[in-house]
Amino acid sequence: MAFIFRFGGGDPNAYGGGFNPDGRPPRPRRNPKKRRAFRSPLARTLTNLAVTLVFGLVYFYLELPALNLHAEEFYIFAFLVCAIYCVCAMVTSGFQGDGGAKAYLKFVRKQCAIPFLAVCLLIVALALGGISSWVVLRAGAYSKLLPIRTGDFTAEVDEISYDQIPMLDSDSAARLGARKLGELADMVSQFEILDDYTQINYRGRPVRVTSLRYGDLIKWLTNRGDGLPAYMIIDMVSQEAEVVRLEQGMRYTTAEHLGRNLYRHLRFHFPTMMFDEPMFEIDEEGTPYWVCPRIVRTIGLFGGVDVKGAVLVNAITGDCEFYDEVPNWVDRLYSDDIILQQYDYYGQYHNGFINSIFGQRDVTVTTEGCNYIAIDDDVYVYTGVTSVTSDESNIGFILSNQRTKETSFYAIAGAEEYSAKASAESQVQQMRYEATFPLLLNIADQPTYFMTLKGQDGLVKMYAMVNVQQYDIVSTGSTVADCENSYRQTLANRGLISAGQQNVVAGSTQTQTGKIVEIRTAVISGNTHYYVRMEGALGYLDFSAAETPRAVLLDVGDTIQYTYVLDGAEFPKNGIVPATGFLFEGEESSENTVPSDNAA
């Protein structure tokens, strides 16, 4: 082993110091490399701008921020763009960062004056915008976002025919839709159903509609040339699911990627607009559209979320147009989230912010959950209103038009929705049915909760009605008509309605003769129903196979004498009425054919 000894002067660290076991002098240390700066200031600036521009375009394409001072995501985008420019400037100028944060700040102010100034202005805007939107200072403005009128429930809300009552919630509709798609071999392998069902009025009927989507990325690649070939309609009364095939596929949807993605399509056409979640709807001709509500902030920079107009996007062609006032066929412009939030602002702050915390005089909030009902060809969102200190009873409820935001408050004290659900479920506890979130109906001038009772398979098994003001009054039935008859009987026994109101559902028995032009079938609660439309009629007769087994013999073109129960003064347009029996042409009356004492 060789040893190296150094004698005399010299720098002991020149070769690393100490001793080297290999007997060779160590290699001298090198100073770290310094970043090489671009010699031309113009080249540095152009390089910085190019890198920043590429980053900004890629970020904008992927994240789609609205270029609007009212949008929070705009500030994130702007801060990132400024930060990228400053980092590029450090690299191209050879800045090492020696001296810590102070040196970096000095460099930014000297070399990145414009981005530095932009960041300062954005921070000031954020601070001023946040303060001007602070609910503590602007409680009065928040409480006025939703104009509310007080109404009379029995005078303004008409009784709805039971053949117009929506009987499916979103979960049941999704199950029916999935089952229907599963029957179509050419679609089920390539497409799925979009989870978001929109409840609308379509040709006078309450329905839920939704688009299809591609099964996965590979199926998108193989099918995107033709687009999505169909959409789904679920009739919420008859519980029929229909797949509507299109001559041209839908190419602009939320299931698309790249340039035809609906969100990207919107952003490229309207870069400064903010949008609520797009909703899928169809017009009266069945053309699919996306209704994209335009979001505005009306209090300061960031407060007072509201809707002002909408962009309608044709799902097939991609044509898009902004409307200050949307067409009447559009049913859902204001989402239930915005409406309920605005009512909560009113309920909490109409007597001032301090009162919402201390004292809480007349402070109210909406209950958890909401539902939708069709009134006069518009869709209304319904929810209960309760005191902020109460959790089991309502002081009233609101109905709000989702197209116009016209809102009425009805002061009716009674059971909270979940208490009504518990009452309905207790009536059939041995069957372990689950009640849906209730609808609010006017039955014999009595505010009434209506619910469907679903089994473990998620399908509708029975129906229930619960009186809002006296929620111990509960009636159930295997059909809506049976449930309503039982409910009216209970109301009459309690003295809440007169004997004349008791038999409105039973109505008058009518007998007519006509020719069958259309027959549809549906299975409801395990029982087959035949829906028969007669020549010259717009509505349908409902023959239950359990009550009229011979209905299986009916065919289009048959002339029959039929008996039905009329609810109201005339046969409802696009409605369904219960039929009790029939006779074929030339057939003599016999048992189980026309079981009516009033048959003509």
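In what follows, residues are counted from 1 in the order of the sequence shown.
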Checklist entry - Which word best sums up how the rings of Phe275 and Phe270 line up, parallel for under 30°, tilted for 30 to 60°, or perpendicular for over 60°? => result perpendicular
Checklist entry - With a 4.5 Å heavy-atom cut-off, do Tyr85 and Leu49 have their side chains touching? => result yes
Item to check | CG on Leu258 to CZ on Arg264, rounded to 0.5 Å | outcome: 7.0 Å
Checklist entry - Does NZ in Lys144 sit with more than 12 non-hydrogen atoms of other residues, nucleotides or ligands closer than 6.0 Å? => result no
Next on the checklist: Trp329 vs Tyr202, test: ring pair (Phe, Tyr, Trp, His ring centres under 6.0 Å). Steps then yes/no.
Outcome noted: CA-CA 8 Å; Trp329 61 262; Tyr202 178 58; over 10 Å; no
Checklist entry - Under 3.5 Å, is there a donor-acceptor pair linking the side chains of Gln446 and Asn467? => result yes
Checklist entry - Just by distance, do the side chain of Asn401 and the backbone of Tyr380 share a donor-acceptor pair under 3.5 Å? => result no
Next on the checklist: For Glu434, is the CD atom crowded, meaning more than 12 foreign heavy atoms sit under 6.0 Å from it?
Outcome noted: no
Item to check | Sidechain-backbone polar pair: Thr386 side chain, Ser393 backbone, donor-acceptor under 3.5 Å | outcome: yes
Checklist entry - Parallel, tilted or perpendicular: which describes the rings of Tyr382 and Phe397, with under 30° parallel and over 60° perpendicular? => result perpendicular
Next on the checklist: Ring centroids only, cut at 6.0 angstrom: are Tyr449 and Tyr471 within range, meaning strictly under it?
Outcome noted: no
Checklist entry - Do we see a donor-acceptor contact under 3.5 Å between the side chains of Asn394 and Glu417? => result yes
Checklist entry - In terms of heavy-atom contacts, does CD of Glu325 have more than 12 from other residues, nucleotides or ligands at under 6.0 Å? => result no
Checklist entry - In this structure, are over 12 heavy atoms from other groups packed under 6.0 Å from Leu46 atom CG? => result yes
Checklist entry - So, do Glu156 and Tyr410 sit near enough that their side-chain heavy atoms are less than 4.5 Å apart? => result yes
Checklist entry - Counting only N and O atoms by type, is there a donor-acceptor contact under 3.5 Å from the side chain of Gln360 to the main-chain atoms of Val363? => result no
Checklist entry - Hey, mind stepping through Ser335 and Asp337 against side chain to side chain donor-acceptor pair (under 3.5 Å) and telling me if it holds? => result CA-CA 5 Å; Ser335 69; Asp337 288 337; 5.0 Å; no
Next on the checklist: Any non-hydrogen side-chain atom of Lys454 less than 4.5 Å from a side-chain atom of Thr436?
Outcome noted: yes
Checklist entry - In this structure, are over 12 heavy atoms from other groups packed under 6.0 Å from Leu217 atom CG? => result yes
Checklist entry - Side-chain contact, heavy-atom cut-off 4.5 Å: Leu194 with Phe280? => result no
Next on the checklist: Check the orientation of His265 and Tyr252. Use parallel for under 30°, tilted for 30 to 60°, and perpendicular for over 60°.
Outcome noted: tilted
Checklist outcome for this item: Taking every heavy atom of Glu281 against every heavy atom of Thr198, the minimum-distance pair comes out as CG-CG2, 4.2 Å
Checklist entry - Can you find a pair of side-chain heavy atoms, one from Asp195 and one from Arg213, that are under 4.5 Å apart? => result yes
Checklist entry - How far apart are the closest heavy atoms of Val209 and Val207, and which atoms are they? => result CG1-CG2, 4.1 Å
Item to check | Contact check, side chains of Leu137 and Trp134, non-hydrogen atoms, under 4.5 Å | outcome: yes
Checklist entry - Among side-chain atoms of Asp276 and Tyr334, is any donor-acceptor pair under 3.5 angstrom? => result no
Item to check | pair Val326-Arg403: side-chain heavy atoms closer than 4.5 Å | outcome: yes
Checklist entry - Atom CZ of Phe268 and atom SG of Cys320: how far apart are they, to the nearest 0.5 Å? => result 12.5 Å
Checklist outcome for this item: Between Trp290 and the options Thr253, Asn314, Leu312, the side-chain contact (heavy atoms from CB on, under 4.5 Å) test singles out Thr253
Next on the checklist: Any side-chain to backbone donor/acceptor pair from Tyr231 onto Gly286? Under 3.5 Å, distance only.
Outcome noted: yes
Item to check | Asp235/Arg205 salt bridge by N-O under 4.0 Å criterion | outcome: yes
Checklist entry - Any idea which heavy atoms bring Lys421 and Ala435 closest together, and the distance? => result CE-O, 3.1 Å
Next on the checklist: Would Tyr214 and Glu256 count as a side chain to side chain donor-acceptor pair (under 3.5 Å) here? Give the steps.
Outcome noted: CA-CA 8 Å; Tyr214 302 100; Glu256 276 287 349; 3.0 Å; yes
Checklist entry - Does a side chain donor of either Asp362 or Thr364 reach within less than 3.5 Å of an acceptor in the other side chain? => result no
Checklist outcome for this item: Residues at least two apart in sequence or cross-chain that pass salt bridge (charged side-chain N to carboxylate O under 4.0 Å, His left out) with Arg224, listed by chain then number, are none
Next on the checklist: Tell me if a side-chain donor or acceptor on Asp344 pairs with a main-chain N or O of Thr366 at a distance below 3.5 Å.
Outcome noted: yes
Next on the checklist: Tell me if the centroids of the rings in Tyr343 and Tyr346 come within less than 6.0 Å of each other.
Outcome noted: yes
Show the atom names and distances, to 0.1 Å, of all donor-acceptor pairs under 3.5 Å that link a side chain in residues 297-305 to residues at least two apart or in another chain.
from   : atom 1 : to     : atom 2 : distance (Å)
Arg297 : NH1    : Glu72  : OE2    : 3.3
Arg297 : NH1    : Phe302 : O      : 3.2
Arg297 : NH2    : Glu72  : OE1    : 3.4
Thr298 : OG1    : Gly304 : O      : 2.9

Checklist entry - How far apart are the C-alpha atoms of Ile84 and Phe79, what are their side-chain angles, what is the distance that settles it, and do they pass the side chain to side chain contact (heavy atoms under 4.5 Å, CB included) test? => result CA-CA 9 Å; Ile84 292 297; Phe79 287 144; over 6 Å; no
Item to check | Check: Tyr59 and Leu80 side chains under 4.5 Å, non-hydrogen atoms | outcome: yes
Item to check | Considering all heavy atoms, the nearest Thr407-Ser400 contact | outcome: OG1-OG, 2.8 Å
Checklist entry - Side-chain donor-acceptor pair under 3.5 Å between Thr272 and Asn68, yes or no? => result no
Next on the checklist: I'd like to know if Arg332 pairs up with Glu277 as an ion pair, taking the criterion as any Lys NZ or Arg NE/NH1/NH2 lying under 4.0 Å from an Asp or Glu carboxylate oxygen.
Outcome noted: no
